[in-house]
Amino acid sequence: PAVKFVPTFAFPFLRRKPLYVFNLFLNLRFFDLIKEDVLIVHDPFHFWPVIWKKNVIVLSHGVRWDRPSARERYYNKVHHLSARLALKYAPKLVANDSHFFRRLGLNVKPKTNMFKEVAKNHWFIPNCVDTHYFTKNEGVPNLKKLKLILVPRNIVPGRGIHLVIQAFMIFWKKFPDTTLAVVGDFVDEHYKSTIFSLINEYNLQGRVIFLGFVKNNKMPDIYSSALMSVIPTVYEEGTSLAALESMACGTATVSTNVGGLADLPTLQSEPQAENLAEIMTSCFLKREVLAKEQQAEVAKTYNMENFRSAWYQVIKSS
């Protein structure tokens, strides 16, 4: 209740560039910011406006400078420069995946030194989930009948919805009674057109469904209704909360090995349709055993107790 939400200021004609607008007007809150003991900045891109502040913790949610489109060249350069700036000048830098540090030249291997200071003032704290909240339940009967292969992803290019549809075309030939279900919003209209073109091309109408946005408090029901979850990221990924939530709910989970996904106990593939289909098949055939192993690993390692303890250490040292 003590948390105060302060909306960002923006002119209507600038709303299409919210990240830049946020930075541009952030210091209009200068007298509020200067009173705070510590600022936690969610992304290196937002560090430079408050570089004057003594106690700042910059939090990275994954590598943000690997978009493949030539149109995103400027975006990539700005975010790479911001990350390097934070690595060098931020009083504290916390990354939620080891891939971020490796891309900046630090030798941090996947799944090692989690919840620890990996270099002076640089911490690796993976995302974690409340394993009491995200837990197995009876699921939703109508969804269970569909034998769901769940993709809990907002529908943008980096989340790899096109990739999982291509992989599902191969997988579905072996398991024709399954249904691919995507939970998330369409964010990019051009990408939406690409997705439906793929579905039509592969004759998967009715076998690929879109459940839209689902509130967080309903997601344990969705995870528990699925036979398997797939996180098909192709770029821009930290330690996926959706992957952790799914595993915590006892649903066997496959992912690509992109970005911070390498730090998770998912069954992993290359970001390539044939390999992803192969790993999906392997997971599906041993899903009950794998689900228990993944659930146990998430409960042991990626829990809120470890998360809180590590963050308290970072904040106390600021």
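It should be emphasised that the depicted structure is a prediction, and the values quoted were computed from it without experimental measurement. Computed from heavy atoms alone, side chains included, the values below leave out hydrogens, waters and symmetry copies.
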Find the distance between [atom1] ([X]) and [atom2] ([Y]) and round it off to the nearest 0.5 Å.
| X | Y | atom1 | atom2 | value |
| --- | --- | --- | --- | --- |
| Arg207 | Thr178 | CZ | OG1 | 6.5 Å |
| Lys53 | Glu36 | NZ | CD | 7.0 Å |
| Leu211 | Ser225 | CG | OG | 9.5 Å |
| Glu236 | Arg67 | CD | CZ | 4.0 Å |
| Lys286 | Ser282 | NZ | OG | 4.0 Å |
| Glu245 | Asn127 | CD | CG | 9.5 Å |

Hey, does the side chain of [X] reach the backbone of [Y] with a donor-acceptor pair shorter than 3.5 angstrom?
| X | Y | result |
| --- | --- | --- |
| Thr253 | Thr251 | yes |
| Asp185 | Val187 | no |
| Ser309 | Glu305 | no |
| Asn306 | Tyr302 | no |
| Ser317 | Val314 | yes |
| Asn23 | Phe45 | yes |
| His122 | Leu87 | yes |

Item to check | Check against side chain to side chain donor-acceptor pair (under 3.5 Å), Ser98 and Asp263 | outcome: CA-CA 7 Å; Ser98 62; Asp263 294 307; 2.8 Å; yes
Would you kindly confirm whether [X] and [Y] end up in one hydrophobic cluster when ILVMFWY residues are joined by side chain heavy atoms under 4.5 Å apart?
| X | Y | value |
| --- | --- | --- |
| Ile165 | Ile279 | yes |
| Val182 | Leu261 | no |
| Met280 | Val258 | no |
| Trp48 | Ile40 | yes |
| Ile57 | Phe124 | yes |

For [X] against [Y], the heavy-atom pair lying closest together:
| X | Y | result |
| --- | --- | --- |
| Gln295 | Gly250 | NE2-N, 3.6 Å |
| Val58 | Ala90 | CG2-CB, 3.7 Å |
| Gly238 | Asn96 | CA-OD1, 3.5 Å |
| Gly259 | Asp97 | C-OD2, 4.4 Å |
| Thr131 | Ala299 | CG2-CA, 4.1 Å |
| Leu264 | Ser240 | CD1-N, 3.7 Å |

Would one find more than 12 heavy atoms of other residues, nucleotides or ligands at under 6.0 Å from atom [atom1] of [X]?
| X | atom1 | value |
| --- | --- | --- |
| Lys136 | NZ | yes |
| Asn216 | CG | yes |
| Glu288 | CD | no |
| Glu138 | CD | no |
| Tyr89 | OH | no |
| Lys111 | NZ | yes |

Side-chain heavy-atom pair [X], [Y] within 4.5 angstrom cut-off:
| X | Y | value |
| --- | --- | --- |
| Trp65 | Pro44 | no |
| Asn27 | Trp52 | yes |
| Leu163 | Thr256 | yes |
| Val94 | Trp311 | yes |
| Leu81 | Leu85 | no |
| Tyr202 | Gln166 | yes |
| Leu290 | Met228 | no |
| Val41 | Val50 | yes |

Checklist entry - So which pairs with a foot in residues 232-290 pass ring pair (Phe, Tyr, Trp, His ring centres under 6.0 Å), sequence neighbours left out? => result Phe171-Phe284, Phe175-Phe284
Next on the checklist: Pair Phe134, Met247 - check side-chain contact (heavy atoms from CB on, under 4.5 Å), show working.
Outcome noted: CA-CA 9 Å; Phe134 286 97; Met247 291 185 286; over 6 Å; no
Next on the checklist: Below 30° counts as parallel, above 60° as perpendicular, anything between as tilted: where do the rings of His162 and Tyr191 land?
Outcome noted: perpendicular
Checklist entry - In terms of ring plane angle, is the pair Phe22 and His46 parallel, tilted or perpendicular, where the classes change at 30° and 60°? => result perpendicular
Item to check | His61 and Phe100: CA distance, side-chain angles, deciding distance, side-chain contact (heavy atoms from CB on, under 4.5 Å) verdict | outcome: CA-CA 9 Å; His61 295 276; Phe100 176 86; over 6 Å; no
Next on the checklist: Just to verify, which of Ser255, Ser229, Ser224 counts as forming a side chain to side chain donor-acceptor pair (under 3.5 Å) with Ser246?
Outcome noted: Ser229
Item to check | Test side-chain contact (heavy atoms from CB on, under 4.5 Å) applied to Asn55 and Asp37, step by step | outcome: CA-CA 7 Å; Asn55 292 332; Asp37 298 309; 5.8 Å; no
Item to check | Qualifying residue for side chain to side chain contact (heavy atoms under 4.5 Å, CB included) with Phe168, from Thr179, Val230, Leu204 | outcome: Leu204
Item to check | Given Ile34, Leu26, Leu33, the one that forms side chain to side chain contact (heavy atoms under 4.5 Å, CB included) with Phe30 | outcome: Ile34
Next on the checklist: Between Glu237 and Arg153, does the salt bridge (Lys or Arg N to Asp or Glu O under 4.0 Å) criterion hold? Intermediate values first, please.
Outcome noted: CA-CA 11 Å; Glu237 184 72 83; Arg153 308 264 77 187; 2.6 Å; yes
Next on the checklist: One pair to check against side-chain contact (heavy atoms from CB on, under 4.5 Å): Ile209 and Leu146. What are the steps and the verdict?
Outcome noted: CA-CA 10 Å; Ile209 63 174; Leu146 297 176; 3.9 Å; yes
Item to check | Residues which pass side chain to side chain contact (heavy atoms under 4.5 Å, CB included) with Asn257, listed by chain and number, not counting sequence neighbours | outcome: Gln268, Glu270, Pro271
Checklist entry - Which residues satisfy the side chain to side chain contact (heavy atoms under 4.5 Å, CB included) test with Lys292, sequence neighbours excluded? => result none
